[in-house]
Amino acid sequence: MASKLFPVSRATRALRRFPLPTPYRSFSAAPQRSSDVLMIHRNKPTNNPSIPFKFSDQNLKLVDEILKRYPPQYKKGAVMPLLDLGQRQHGFTSISVMNEVATFYTMYNRDPVGKYFLQICTTTPCQLGGCGSDAIVKAINEHLGITPGHTTKDGLFTYIEVECLGACVNAPMVQINDDYYEDLTPESIKTLLTALKEAATTTGTKVPAPGPLTGRDTCENSAGLTNLIEPVWNPETMMRKDNALDEQPQQ
Ligand code: FES
């Protein structure tokens with residue numbers, strides 16, 4: 001904008017007489033802030049999903065190493081080093097590299113999913129804990145009428161089986177969108193699914209709060225306190241007062 005400090009120069013006035021064609025690229029002596037490469041994928045003979053890509057055996061060992069650095073709930077953080085590894089092996093991050101990396105993660109949906117995306121954990125602790133995840137999978141199959149990897153006809157529910165989600169202490173459990181529901185039983189998962197379905201169609205429907213569905217707050221012992229049950233040690237009464245030693249009778 002022209003001002004006393006920055007008057008419109010003669011050159012600018014001259015340029016205004018010749019409107020720039022659209023679209024146009026400005027030029028600058030400063031370094032480019034973003035890549036000049038077109039960021040839309042278009043299939044090419046050298047870059048299309050039918051070109052196979054698999055990590056080499058040696059790189060698969062590195063993949064394991066990289067994944068070990070991330071706690072279970074943050075494995076998705078490994079996506080950048082894995083893309084880098086794929087790029088180093090293939091030469092560039094092709095669509096096949098991206099697809100291969102995305103298959104490591106259940107959190108990247110490569111197809112549309114329902115309004116509620118259920119990820120039921122079927123790893124050993126969830127298989128053995130409580131009623132066991134087999135019973136939960138069976139209850140979901142019965143209730144929704146679909147098997148893992150499918151979406152209900154009304155588009156509300158998609159469900160898949162996943163590996164440990166890091167809540168083994170409250171097994172069996174399911175992640176629904178971003179929430180964990182734990183301490184599941186066949187009855188509680190069916191009640192939950194019914195409530196979610198109602199909530200999708202009727203405003204004001206109450207859905208159980210995420211967390212353990214047995215009434216526990218977190219992962220406290222369901223049998224109640226079994227240790228640390230003595231009164232809390234009170235430093236006020238138990239600690240020696242200042243100068244208490246001076247007041248003791250001399251022997
Ligand atoms: S085994 Fe299911 S949450 Fe860990």
Side-chain angles (χ1 to χ4, degrees), residues 55 60-82 100-111 113-152 156-197 199 207-227:
F55 280 113
L60 274 178
K61 285 188 195 139
L62 277 176
V63 167
D64 285 342
E65 273 307 306
I66 292 169
L67 287 174
K68 266 191 229 157
R69 293 181 205 156
Y70 296 83
Q73 67 272 40
Y74 298 124
K75 294 276 183 217
K76 62 184 169 186
V79 71
M80 299 305 276
L82 290 188
E100 177 67 6
V101 172
T103 56
F104 278 103
Y105 299 95
T106 51
M107 65 278 284
Y108 295 120
N109 298 317
R110 289 173 299 137
D111 282 311
V113 294
K115 178 177 171 63
Y116 301 111
F117 182 49
L118 280 66
Q119 300 178 70
I120 167 83
C121 171
T122 53
T123 305
T124 314
C126 275
Q127 226 173 18
L128 301 177
C131 62
S133 55
D134 286 355
I136 305 302
V137 170
K138 187 163 171 277
I140 299 175
N141 287 349
E142 284 169 7
H143 194 79
L144 297 181
I146 53 170
T147 49
H150 294 98
T151 301
T152 50
L156 281 183
F157 297 95
T158 299
Y159 105 90
I160 59 168
E161 289 185 45
V162 295
E163 299 299 327
C164 179
L165 290 171
C168 332
V169 71
N170 287 355
M173 59 81 65
V174 65
Q175 179 175 351
I176 302 182
N177 296 346
D178 288 333
D179 293 325
Y180 279 15
Y181 290 90
E182 302 152 359
D183 284 348
L184 298 175
T185 62
E187 296 71 39
S188 63
I189 184 73
K190 287 182 183 176
T191 307
L192 176 62
L193 295 176
T194 304
L196 289 172
K197 185 167 182 167
V207 174
L213 295 185
T214 46
R216 292 203 287 176
D217 282 332
T218 55
C219 54
E220 70 273 17
N221 186 353
S222 52
L225 275 183
T226 55
N227 58 15

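All ligand and atom numbering here is 1-based and tracks the order in the structure. In this text, all values refer to a predicted model and were calculated from it rather than measured experimentally.
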Inter- and intrachain pairs under salt bridge (Lys or Arg N to Asp or Glu O under 4.0 Å), touching residues 117-146, at least two apart
Lys138-Glu142, Glu142-Lys190

Does [X] reach the side chain of [Y], with side-chain heavy atoms less than 4.5 Å apart?
X	Y	value
Cys131	Leu184	no
Pro148	Asn141	yes
Val101	Phe55	yes
Tyr181	Val207	yes
Leu193	Leu118	yes

Closer than 2.8 Å to atom 4 (Fe) of ligand 1, what protein N/O/S atoms do you find?
Cys164 SG, Cys168 SG

